[in-house]
Amino acid sequence: MFRSRLSVFPSLLTVGLVAILSACATVEADKTVGWSPNKIYSEAKDEMNSGAYDKAVSLFEKLEGRAAGTPLAQQAQLEKAYAYYKTGDKAQAVATLDRFLKLHPASSALDYALYLKGVINFNEDLGLFSFLSRQDLSERDQKAAKESFESFKELSTRFPDSRYTPDARQRMIYIVNSLGQYEVHVARYYYSRGAYVAAINRAQATLADYSNVPAVEEALYIMVKSYDALGMAQLRDDTQRVLASNYPNSQYTASGFKTKDSPWWKVW
């Protein structure tokens with residue numbers, strides 16, 4: 001009986017070894033072993049061009065390690081950020097760019113890194129193509145828009161002659177208009193619910209912080225309507241004169257608030 005029990009152990013050991021070897025056999029071999037950094041970069045770009053961004057990310061990560069300390073490693077970091085962006089992983093894309101900006105403050109590609117970071121946050125909402133949706137950018141969370149603006153602002157300030165600066169400035173104008181409209185969106189919400197003092201305060205914030213944006217016209221109109229609802233005739237009339245002076249053909253005075261089917265950005 002004792003011998004028969006001992007004889008079980010060799011078979012169990014054999015089974016265990018077979019299982020371990022089988023598991024090892026399933027681990028995919030690293031096909032990049034022996035590849036030069038340039039070959040890895042070339043393959044990563046091919047994956048990007050074919051839309052296989054996840055595979056590109058993996059290759060760029062390998063390249064960062066093997067070409068550490070070289071311009072190619074910096075390029076890999078930027079390319080990886082873009083690949084993350086294309087996969088929809090905005091958090092990883094921004095984190096990669098933040099790391100690049102911290103590690104390479106004198107890089108010749110710093111302007112591109114700032115621009116890409118701005119674009120990623122810009123597109124976190126609806127971006128310039130908000131006309132494809134019923135919900136415009138002014139109705140969404142503004143945190144990403146503000147971060148986008150700061151990236152574009154730093155780019156245009158530090159690199160005024162960069163090839164990316166003209167587009168960044170155009171996007172900054174859009175963002176400022178959007179942020180101003182956001183304040184008006186909230187003011188309109190308060191007004192529609194009878195919170196007239198809150199509506200006035202939010203409309204005044206638009207005038208104070210975004211004095212030259214299109215949303216000012218509606219902000220003044222909201223103030224006129226809110227003062228009227230509160231029975232504050234003098235303030236209503238004063239604000240009405242300001243509205244008429246700056247917007248003599250105001251559509252709000254003529255027709256009231258826009259409908260939901262006519263977003264603030266639609267100019268045709």
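Every value quoted in this text rests on a predicted model; they were computed, and no experiment measured them.
Under the 4.5 Å side-chain criterion, counting only non-hydrogen atoms from C-beta, L179 is not in contact with D209. Looking only at side-chain heavy atoms (C-beta outward), T32 and R66 come within less than 4.5 Å of each other. Taking the side chain as every heavy atom from C-beta outward, Y210 and V216 never approach each other to under 4.5 Å. With a 4.5 Å cut-off on side-chain heavy atoms, L78 and L116 do not count as touching. With contacts defined as side-chain heavy-atom distances shorter than 4.5 Å, the pair Y115/D111 does not qualify. In this structure, the side chains of V186 and Y190 come closer than 4.5 Å at one or more pairs of heavy atoms. W35 places a side-chain heavy atom less than 4.5 Å from the side chain of E43. Within the 4.5 Å cutoff, no side-chain heavy atoms of I222 are placed close to those of Y252.
D228 and K225 are not joined by a salt bridge, as no carboxylate oxygen comes within less than 4.0 angstrom of a charged side-chain nitrogen. Looking at K102 and D98, no side-chain N of the basic residue comes within less than 4.0 Å of a carboxylate O on the acidic one, giving no salt bridge. Salt bridge status for R99 with E64: present, with a side-chain N to carboxylate O gap under 4.0 Å.
Nearest heavy atoms, A199 versus S226: CB-OG, 3.7 Å. Nearest heavy atoms, L59 versus E47: CD1-CG, 3.8 Å. In terms of heavy-atom proximity, S107 sits nearest to F100 at OG-CZ, 3.5 Å. Closest non-hydrogen pair, A93 versus A81, comes out as CB-O, 3.4 Å. When every heavy atom of P37 is checked against every heavy atom of L63, the shortest pair comes out as O-CD1, 3.4 Å. Heavy atoms only, all atoms of each residue included: T70 and A67 are closest at OG1-O, 2.5 Å.
V33 is not connected to I40 by any chain of hydrophobic side-chain contacts under 4.5 Å among Ile, Leu, Val, Met, Phe, Trp and Tyr, and they are in different clusters. Linking Ile, Leu, Val, Met, Phe, Trp and Tyr residues whenever their side-chain heavy atoms come within less than 4.5 Å leaves V57 and Y53 in two separate clusters. Hydrophobic cluster membership differs between I173 and F149, with clusters built from Ile, Leu, Val, Met, Phe, Trp and Tyr side chains linked at under 4.5 angstrom. Hydrophobic clustering of Ile, Leu, Val, Met, Phe, Trp and Tyr side chains at less than 4.5 Å, counting indirect connections, keeps Y84 apart from L103.
Here Y174 and F122 bring their ring centres to under 6.0 angstrom of each other.
Rounding to the nearest 0.5 angstrom, the gap separating the CE atom in M172 from the CG atom in L155 is 9.0 Å. Rounded to the nearest 0.5 Å, atoms CZ (F152) and OG1 (T165) are 10.5 Å apart. Rounded to the nearest 0.5 angstrom, L207 CG and L220 CG are separated by 5.0 Å. The line from CG of D238 to CZ of R236 is 10.0 Å long, rounded to the nearest 0.5 Å. Here the CG-CG distance, from L101 to L110, works out to 5.5 Å after rounding to the nearest 0.5 Å. Taking OG from S151 and CD1 from I175, the interatomic distance works out to 9.0 Å, rounded to the nearest 0.5 Å.
Of the possible polar contacts, one joining the S156 side chain to the K153 backbone as a donor-acceptor pair under 3.5 Å is found. Looking at S148, its side chain never comes within 3.5 Å of a backbone N or O of A144 through a donor-acceptor pair.
Among residues two or more places apart in sequence or in another chain, the salt bridge (Lys or Arg N to Asp or Glu O under 4.0 Å) test is passed with K62 by D30. Take A215 and apply the side chain to side chain contact (heavy atoms under 4.5 Å, CB included) test, not counting sequence neighbours, and it matches Q181, V184, T206, V213. Legend: residues meeting salt bridge (Lys or Arg N to Asp or Glu O under 4.0 Å) with E147, ordered by chain and number and at least two apart, are K143.
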Does the side chain to side chain contact (heavy atoms under 4.5 Å, CB included) test come out yes or no for N38 and L72, once each step is laid out? CA-CA 8 Å; N38 286 334; L72 192 57; 3.6 Å; yes

Carefully, step by step, assess K146 and N121 under the rule side-chain hydrogen bond (donor to acceptor under 3.5 Å, both in side chains). CA-CA 8 Å; K146 291 177 180 178; N121 280 314; over 6 Å; no

Going through the checks in order, is the side chain to side chain contact (heavy atoms under 4.5 Å, CB included) test met by M48 and Y82? CA-CA 10 Å; M48 288 259 280; Y82 181 77; 3.6 Å; yes

Which is it for E218 and F257 under the side chain to side chain contact (heavy atoms under 4.5 Å, CB included) test, yes or no, and what are the steps along the way? CA-CA 8 Å; E218 186 177 358; F257 292 106; 3.5 Å; yes

Should D54 and S58 be marked as a side chain to side chain contact (heavy atoms under 4.5 Å, CB included) after you check the CA-CA gap, both sets of side-chain angles, and the distance that decides it? CA-CA 7 Å; D54 288 334; S58 178; over 6 Å; no

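With hydrogens and angles left out, the side-chain atoms of E79 and Y41 include a donor and acceptor closer than 3.5 Å.
Under the 30°/60° scheme for interplanar angles, the aromatic rings of Y164 and Y112 are found to be tilted.
The number of heavy atoms from other shown groups lying within 6.0 Å of CG (N212) does not exceed 12.
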